[in-house]
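Protein chains get the first letters and strands the later ones, always in sequence-line order, with residue 1 at the start of each.
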Amino acid sequence: MANQQEKPPIYGVMAEFLNPQELYDAVKAAKSEGYDKLDAFMPYPVEEISHEVVNHEHSVVSKIVFAGGLTGAAFGFLFQSWAMGYFEPLQNLTNTLFGYHGYGFNIGGRPYFSWPAFIPVTFELTVLFGAFSAVIGMFVVNGLPQPYHPVFNVDSFDRAADDRFFMVIESADPKFDQEGTRTFLEGLSPQEVTDVDW
Amino acid sequence: MSDEQTSLTIDNAQLQPADDLAKPRQMALIAAVIGLLATAAGWFMKGPDGLVGETEYFIAYLIGWIYWLGIALGLFMICMMTNLSGGRWGIQMHKVQQTAGRSVWVFALLGLPILVGGMQVLFPWTRPEAMNDLLILEKTGYLKLWMDFEGPNPEWMATFVPGFYIRYVIYFALWLFFAHKITSLSKKFDETGDLMVRDKMQKWSAGGFLTFVMVATFAGIDWLMSTDPHWFSSLYGPQMLVWQGLTALCFSVPLMIFLSNRKPLDQLIRKTHFHDYGKLMLALTMVWGYFTVSQFLIIWSGNLPEEVIWYAYRNTEGWKQYTVAVVFFSFFVPFLILLQQRLKFKPKILMNVALFILVVRWFDYYWQVAPNLFGDRGLTLHPFNIFPFVGIGGLWIWYFLGQLPGRVLVPVEEPVIKEALADG
């Protein structure tokens, strides 16, 4: 339970706005105030606000996809070479591990290691692994699936799916201070400012 | 938002200051004079004992000519394409691209030295001994537009190739017709703002795009593929389009940087437009890789003598390393650079990548032609190659840039342009 003690008493402070313009201005103001850990909630996507809130430049998903693609390419090419009995160390390794090794087929008299014929499969596996790592990476980076989130403790938050716009400044932010942040948010003339319980 | 600043009409949508292009034009003219003088000197000094071999001379000229022609055609194809697709990203360059389309007549004249002196050098099917080649005889019905294997066949008849000349005229006629048709409709639209005219322009663009695709296919077969008349690839036309599109996109980047610093286009060209061009450059780089591999894979699997010989030449000592380098620098290097999103937002970096691709494109064109004509002699890269490339390029750029001042540079009546200007 020691962990619970270190946790700040609340998740953050939430402000409710009437329209996207107000929310956009609020996000801008909070950013220029130096708040970094904040989130915005809207009934529909507003690109400008997403750009302010999420720093796309530092998204790691693209790097995950690149690594996945490279893995797919290497796997596709090496697997085919292995299956055709190529790469002695690889053959020995699978032989000792599983008791299997590749077997070279004579296809139309071509050499066993016919790399041009390997390219289509290599390409397909690059795409497949890349696509999979994009989806899985997106889930992991977003922390999905997430069955519980503190913002739903706020009663009026239901309207985030209907006609209201919300911004939360999280207590994890180094600049966060319950009273000060609350006063700052009230200065942005929102409908309501609420503490978000854990 | 001040109205004076944002309202563009046909009266103030010209390049300002108009003499800003004088310096780049002067540099192009110097390049043109040096390059073309050297090319003209080479004409008299070519030959087995001369400074440059006849084959090298005409390959250099053909590549230089096709390279810059491809840029002009590619630019106009982007114009027709964005006419059809709509959207904001391509429309601000329309007027510049139309200017490039109309300038194609320069190349109709610049191609004449090949027709006059280079036919038998570059195209083995026009040589007298081709009359004894059964495989070529099967194709002469199309290539020469006449067939007569039965008669006495005097030598002049063997080298008589009306089909090539007729098609040459037809290609340029079609290109120039569509360039002028669409330009005049665009001009009419600027003056009247009548959306019916815009509709008509879109329809002509559809026909024009289709025609350009077909003509590029035939021209590619005539001017590049028939340098090895035995060989054939049905992917040649699409590849020709990729070369044209890629060089045109890359050529646009420095041009857009120049124009985005000057009125009137400074109001319209944004960072996102460079990103769009970067994305298309990446896409076409990938298409290049896709086509190159497909063609190779199909021919490699088929393993037919008249087809594999094309790759066999490119697999000999010297050419083999050249081939690997072309694939590496045409695909892997630009692919990995352009894959990074943040680099495409930086015009300066994108320009360097574009210039790099433009250089590699030349080596790819050379790779398409040169091994056909002296593949059995190993890799040959004569320094003379630079002169026709620089000369023809300089002359065209000098003429093309000279067409820009004094003309309406923004399609002012386009709804998306008005929208973009209103947004500031």
Does [X], at its [atom1] atom, have more than 12 non-hydrogen atoms belonging to other residues, nucleotides or ligands within less than 6.0 Å?
{"X": "A/K31", "atom1": "NZ", "answer": "yes"}
{"X": "A/Y86", "atom1": "OH", "answer": "no"}
{"X": "A/F139", "atom1": "CZ", "answer": "no"}
{"X": "A/F118", "atom1": "CZ", "answer": "yes"}

Heavy-atom cut-off 4.5 Å, strictly under: side chain, backbone, both or neither for A/F123 against chain B? neither
Given A/F66 and B/Q340, is the side-chain contact (heavy atoms from CB on, under 4.5 Å) satisfied, shown in steps? CA-CA 10 Å; A/F66 186 66; B/Q340 301 168 61; over 6 Å; no
Atom of B/L297, atom of A/A117 and distance for their closest heavy-atom approach: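 Shortest heavy-atom contact: CD1-N, 4.1 Å.
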Toward chain A, the part of B/I298 with a non-hydrogen atom under 4.5 Å: neither
